[in-house]
K.L.:
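Here it is, the structure in full.
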Amino acid sequence: MSEDSKSVLISGMENHDQTNVLRKHVEFFDRNNDGIIYPSETFEGFRAIGCGVLLSSFAAAFINMGLSGKTRPGKPFSLHFPIEVKDIQMAKHGSDSGVYDKEGRFVQSKFEEIFSKHALTQPHALTSEELKKFLKSNREPKDYAGWLASYSEWKILYILCKDKNGMLHKDTVRAVYDGSLFERLAKERAAKKQK
Ligand code: HEM
Ligand SMILES: [Ca+2]
């Protein structure tokens, strides 16, 4: 490709990041970095960021049973419930925010929209009521599985990361999308444990 056509292509992308950020969201849970997340790894990842045994067990069961098949099209069902990181975008559900597009890319404008539309008390954070309204506004009719998936994702995030006034901050939400939040929580937990 000539340099000219390359620059036309790049300017046409309008800063749209082409990487599959959703992969980064889940890579933390691929504990041995082999591209596959087994239930034991989901469990271990949840424990590492400070979740209890009960929540971590439920999360591992539901996430791996729910997403395994979706990320392995054409492959036989496996009782080990592996999730393939490379095709994680196939596990997207309905009634989400649209911040990940169908290729797992991060859509900045959709991210900004969460706060411009719903953060009415403080511009860079959501109260629990605002979060509730945001989730309701994403609901597609009768998409009960999507409602439950979205509710669980956001509720766990809120419980883990709200501040002392019950606010969920924009930078926290930003960091969950690329998974950097999980690394941070794990470091904080490890530091606490050492004390
Ligand atoms: C404590 C752990 C986790 C939290 C707090 C969390 C939270 C979230 C949040 C807030 C979203 C954004 C949803 C939206 O934009 O509406 C999301 C999306 C997603 N998460 Fe997680 N997540 C966690 C762990 C995992 C794990 C272990 C997996 C799978 C291995 C996973 C797979 C996904 C997928 C596939 C999406 C895309 C959903 C979509 O856009 O339709 N997450 N998660
Ligand atoms: Ca693995």
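Order of appearance sets the numbers: ligands from 1, and atoms from 1 within every ligand. In this chain, numbering begins with 1 at the start of the sequence shown.
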K.L.:
Between Glu183 and Lys187, is the closest basic N to carboxylate O distance under 4.0 Å?
P.N.:
no
K.L.:
The Ca ion (ligand 2) is nearest to which N, O or S atom of Asp30?
P.N.:
OD1
K.L.:
Using atom types as modelled and distance alone, determine if a side-chain donor or acceptor of Glu27 lies under 3.5 Å from a backbone N or O of Val85.
P.N.:
no
K.L.:
Using a 4.0 Å cut-off to any heavy atom of Tyr100, which atoms of ligand 1 qualify?
P.N.:
18 (C), 37 (C), 40 (O)
K.L.:
Is there side-chain contact between Phe111 and Val173, with heavy atoms separated by less than 4.5 Å?
P.N.:
yes
K.L.:
Backbone N or O of Lys86 within a donor-acceptor pair of the Arg23 side chain at under 3.5 Å?
P.N.:
yes
K.L.:
Between ligand 1 and Trp154, is the shortest N or O to N or O distance under 3.5 Å?
P.N.:
yes
K.L.:
Under 3.5 Å, is there a donor-acceptor pair between the side chain of Asp171 and the main chain of Ala175?
P.N.:
no
K.L.:
When you measure from the Ca ion (ligand 2) to each N, O or S atom of Asp34, which atom gives the shortest distance?
P.N.:
OD1
K.L.:
Strictly under 3.0 Å, is any N, O or S atom of Ile37 next to the Ca ion (ligand 2)?
P.N.:
no
K.L.:
Report yes or no: does Ser68 contribute a side-chain atom to a donor-acceptor pair with the main-chain N or O of Met65 at less than 3.5 Å?
P.N.:
no
K.L.:
Between Gln89 and Lys102, is there a donor-acceptor pair closer than 3.5 Å when you use the side chain of the first and the backbone of the second?
P.N.:
no
K.L.:
So if I count the atoms of ligand 1 from 1 in the order they appear, which ones are less than 4.0 Å from some heavy atom of Ser97?
P.N.:
14 (C), 15 (O), 16 (O)
K.L.:
For the metal site, I want the angle between atom OE1 of Glu41 and atom OD1 of Asn32 with the Ca ion (ligand 2) at the apex, to 10°.
P.N.:
120°
K.L.:
Which of the numbered atoms in ligand 1 are below 4.0 angstrom from a heavy atom of Phe46?
P.N.:
1 (C), 2 (C)
K.L.:
So is there a nitrogen or oxygen of Thr42 less than 3.5 Å from a nitrogen or oxygen in ligand 1?
P.N.:
no
K.L.:
Among all protein heavy atoms, pick out the one at the shortest distance from atom 39 (C) of ligand 1; state its residue, atom name and that distance to 0.1 Å.
P.N.:
Asp96 OD2, 3.2 Å
K.L.:
At less than 4.0 angstrom from any non-hydrogen atom of Leu22, what atoms of ligand 1 do you find?
P.N.:
34 (C), 36 (C), 37 (C)
K.L.:
Any heavy atom of Phe182 sitting closer than 4.0 Å to ligand 1?
P.N.:
yes
K.L.:
With respect to atom 12 (C) of ligand 1, which of Tyr158, Phe29, Tyr177, Phe134 exhibits the smallest heavy-atom separation?
P.N.:
Tyr177
K.L.:
For atom 26 (C) of ligand 1, what is the nearest protein heavy atom, given as residue, atom name and distance?
P.N.:
Ile63 CD1, 4.1 Å
K.L.:
Could you tell me whether Ile49 approaches ligand 1 through its side chain, its backbone, both or neither, with non-hydrogen atoms closer than 4.0 Å?
P.N.:
side chain
K.L.:
Which part of Gln89 is near ligand 1, with near meaning a heavy atom under 4.0 Å away: side chain, backbone, both or neither?
P.N.:
neither
K.L.:
Has Lys24 got more than 12 heavy atoms of other residues, nucleotides or ligands less than 6.0 Å from its NZ?
P.N.:
no
K.L.:
So is Ser150 polar-close to ligand 1, meaning N/O to N/O under 3.5 Å?
P.N.:
no
K.L.:
Looking only at protein heavy atoms, identify the closest one to atom 32 (C) of ligand 1 and say how far it is in Å.
P.N.:
Val26 CG1, 3.7 Å
K.L.:
Taking 4.0 angstrom as the limit, do Lys132 and Glu129 come out as a salt bridge?
P.N.:
yes
K.L.:
For the hydrophobic clusters of this structure (ILVMFWY residues joined by side-chain heavy atoms under 4.5 Å, transitively), does one cluster hold both Val176 and Leu126?
P.N.:
yes
K.L.:
Counting only heavy atoms not in Tyr177 (residues, nucleotides, ligands), do more than 12 fall under 6.0 Å from its OH?
P.N.:
yes
K.L.:
Hey, quick one: are Phe134 and Met167 part of the same hydrophobic cluster, counting side-chain heavy atoms closer than 4.5 Å, chains of contacts allowed?
P.N.:
no
K.L.:
Which one of Lys70, His25, His93 has a non-hydrogen atom at the shortest distance from atom 42 (N) of ligand 1?
P.N.:
His25
K.L.:
Report the member of Glu153, Glu41, Met90 with the shortest heavy-atom distance to atom 17 (C) of ligand 1.
P.N.:
Glu153
